[in-house]
Structure formats: C-alpha cells, structure tokens
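Everything below concerns the one structure shown next.
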Amino acid sequence: MNAATLHPLARDYLKRLKKAAAILPRSGRNELIEEIESHLSEALPPGATEAEALNVLERLGEPGQIVAEAAPGAPLVRAGALEWIATILLLIGGLIIPVVGWIAGVVLLWASKVWTLRDKLVGTLVVPGGLALPVFLALVAFTNATSPGSCSGTEWTKSINTGTGAIHTSHAVVFSSHCAEKTSSLAIALLIVLLVAAVLAIATSFYLVKRARRIEAIA
Amino acid sequence: VIEYCVLALLQGGERYGFELVRTLSEVPGMVTSEGTLYPLLSRLRRAGVVETSWRESPSGPPRRYYRLTSSGRAVLEAFTGEWTSFRNAVDHFLEQETAA
C-alpha cells in the first residue's frame, strides 16, 4: 500500500503512531502499524475530505491509547531514578570525577530501557564528556596562555624591567601587542568552541529528559 | 467480552481486520476506540485462537485476514455455554426484582 496516497492528516497520524509505538517490541510494532495503515487506506479513499479524515482518526483513537493497549501486562517502561542519574552524570559527572563520572553516565544511558538507540547515540556522541569537556578545554587554554615561553607575558616583563632606551621599549611593546593580537583571536575562537560545547551539553540533557518524559505521556 | 464477539464474528468464515473492526464499532456501546481493537486481534492471534494471512485483495490494499482455529472454536463454544447460563441466572434475579 502506498502511504503517499493517504490523506495528509492520516499520514501525520501514522507518524505519531510510529513514534508512540517505538516502545513496543519490533514484531508487534510492525504488525500494529501495518494494520492501522491498512485501516486508514480502507477507510479513506483517495480524495477524502478533511472532515472525513478527522472523523476516521477520531474513531481510531489516540495513538498513545492504541499503543498502551498493545502493551498490557508488560507494563510500560517509565523514566525513573536511573534516567535522572544518567542525565546528571552525563552532564556534570566528568566534573565530579574526571572521565569516570561521565563514563558511569554513559553506562546508565545504555542500560536504560526508556531511551531509543538514537537517543543513546545523541547522549553519547554530541558532547563526549558533557560539561567537563569545555571546562577541560578552558583549563588547557589557560595554562597555555600563562605558561612561560608563550609569546606575550615574558616580553612585557622584560621591557618593563629593563626600561632602558626608548627604542628598546617600543620594540618590545610592538612585539608583544602583535603577540597579544594573535592570542586574543585564538582565545575568541576557543571561547566560541567552549560556549558551543557547553550549550550543546546542556541541550543534550534537555533532549534526554524530554525523550524520557515522552513515555510517561503515553502511559 | 469483546474477544468473544470477535470469535463469534469469525464463525461464518474469515474476515479482514478493517471489516471486523467496523462491524464491532457499528454496534453502539461495544467499542470506544477502533484502533485499540487491532492490539486485541494481535493478542487473539498470539493466543492461538485465530490465525491470520496477509493477502492482496481484489479491490484496495492488501489485507490481513483472520480465521478461527480449532482451539478458537472450542473456546467460543465453552464461552457460549457459560454465557448462556450466566445470562439466564442474571435474568432470573432481574425478573424476580421487577415481579416483587
């Protein structure tokens, strides 16, 4: 059967059903979607009006209700302590115990039955390390900028300390300001990367919470 | 009870999902949401009281046809007996009430 010939409202309904049915075991899920798809194409001939489509969908009932009916006995998995702890560890676990804290979060993420494979990949790969990553980058940048041998710092002190000829000093100032310019553009670039990583890490947490709550909405 | 209505509908031969669902929902008071009947049909299949086959239809999209199995027939027979005696018992008391 061709889903493309379905009424747009029916197509939208199928999309919502597929989303809701993600919690069902694969075989049951496919059978259910197949049947509802077939139902829609039987009930709605090509060229059906919007009112007809709405009526058919109303008689069918909410996708969440149908999915809940398909999963009785096997109680619907709901987000619990595991999901909360996983989300928190993924975000800031690496700050509490470097590396290990975040890995613990990943283990819990993959152990959860609430999140789908896609959620788990997003949770793991979008910002590996969570907020610890931008913090770590900031630390690296800070130590690089202040470490001896980097171009600015030392030149400044030299020029101030010696303070001999005007020529010498101006030379040093020109050199160091050139250096400062270079580091500042690098610092801005780094700052942007840091901010993006931090925002993405927080956005990932929100995403995971939203996905975990989706199941509660069905139940 | 709807499960047994499905089995009863299949006594006369195989029917496809949409047909079953529409027949059931046309009787007022039986079904609140047509969609929830499909998971029910799937449970009946897993319980082995009906079997299904997915076939092209002469008109329209391919359909999943449902058919009673021998165990389905037995289940329906047993239920029919129980239901009849249950209904008679309830009727007995209801009629006594109105007579009194």
Side-chain angles (χ1 to χ4, degrees), chain A residues 1-7 9-11 13-14 16-21 23-48 52-74 76 218-219, chain B residues 1-7 9-10 12-69 71-72 75:
Chain A
M1 119 208 34
N2 195 353
T5 58
L6 276 177
H7 192 281
L9 284 172
R11 256 183 313 191
Y13 180 93
L14 266 183
R16 285 194 291 135
L17 177 74
K18 281 176 189 169
K19 227 181 207 174
I23 56 162
L24 297 177
R26 187 182 297 274
S27 62
R29 181 174 62 206
N30 290 343
E31 185 183 333
L32 180 67
I33 291 168
E34 214 174 58
E35 282 284 52
I36 300 289
E37 204 171 328
S38 163
H39 179 105
L40 288 171
S41 33
E42 297 269 5
L44 288 171
E52 284 170 327
L54 282 174
N55 180 39
V56 164
L57 297 182
E58 171 133 359
R59 288 179 69 167
L60 261 179
E62 272 305 300
Q65 199 185 350
I66 300 172
V67 169
E69 184 67 29
L76 289 173
I218 291 166
Chain B
V1 182
I2 298 181
E3 285 88 339
Y4 298 107
C5 299
V6 172
L7 298 183
L9 278 174
L10 291 173
E14 63 175 14
R15 287 172 183 242
Y16 60 97
F18 180 72
E19 197 183 359
L20 280 171
V21 167
R22 273 292 154 97
T23 311
L24 284 168
S25 74
E26 235 103 80
V27 182
M30 274 306 276
V31 178
T32 47
S33 126
E34 290 180 345
T36 55
L37 287 172
Y38 289 105
L40 184 144
L41 290 175
S42 166
R43 276 204 297 282
L44 291 177
R45 182 180 58 77
R46 283 200 300 270
V49 291
V50 302
E51 53 189 7
T52 69
S53 56
W54 183 250
R55 285 203 306 273
E56 296 288 329
S57 67
S59 62
R63 293 163 173 169
R64 185 188 289 279
Y65 285 88
Y66 295 81
R67 190 170 41 244
L68 270 186
T69 62
S71 109
V75 165

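This is a predicted model, so every value here is computed, not measured. Labels below follow one simple rule: chain letters A, B, ... track the order of the sequence lines, proteins then strands, and each chain is numbered from 1. Computation of the quantities below employed the complete heavy-atom set of this structure, encompassing side-chain atoms and omitting hydrogens, waters and symmetry-equivalent molecules.
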- What heavy-atom pair brings B:Pro39 and A:Ala70 nearest, and what distance separates the two atoms? CB-CA, 3.5 Å
- Mind checking whether B:Arg45 and A:Glu31 have side chains closer than 4.5 Å, heavy atoms only? yes
- Note on the structure: The reported gap from CZ in B:Arg64 to CD in A:Glu34 (rounded to nearest 0.5 angstrom) is 5.0 Å
- Message: Counting only heavy atoms from other residues, nucleotides and ligands, does the tally under 6.0 Å from CD of A:Glu58 exceed 12?
- Response: no
- Would you name the heavy atoms of B:Thr36 and A:Gln65 that are closest together and state the gap between them? CG2-O, 4.0 Å
- Item | Criterion salt bridge (Lys or Arg N to Asp or Glu O under 4.0 Å) on B:Arg22 and A:Glu42, from CA distance to verdict | CA-CA 11 Å; B:Arg22 273 292 154 97; A:Glu42 297 269 5; over 6 Å; no
- For chain A, the option from B:Ser42, B:Gly35, B:Gly17 that forms the most heavy-atom pairs under 4.5 Å: B:Gly35
- Criterion side-chain contact (heavy atoms from CB on, under 4.5 Å) on A:Ile66 and B:Tyr38, from CA distance to verdict: CA-CA 8 Å; A:Ile66 300 172; B:Tyr38 289 105; 5.7 Å; no
- Message: Once rounded to the nearest 0.5 Å, what's the spacing between atom CD of A:Glu35 and atom OH of B:Tyr16?
- Response: 11.5 Å
- Query: Between the side chains of B:Ser25 and A:Arg59, does any donor sit under 3.5 Å from an acceptor?
  - Reply: yes
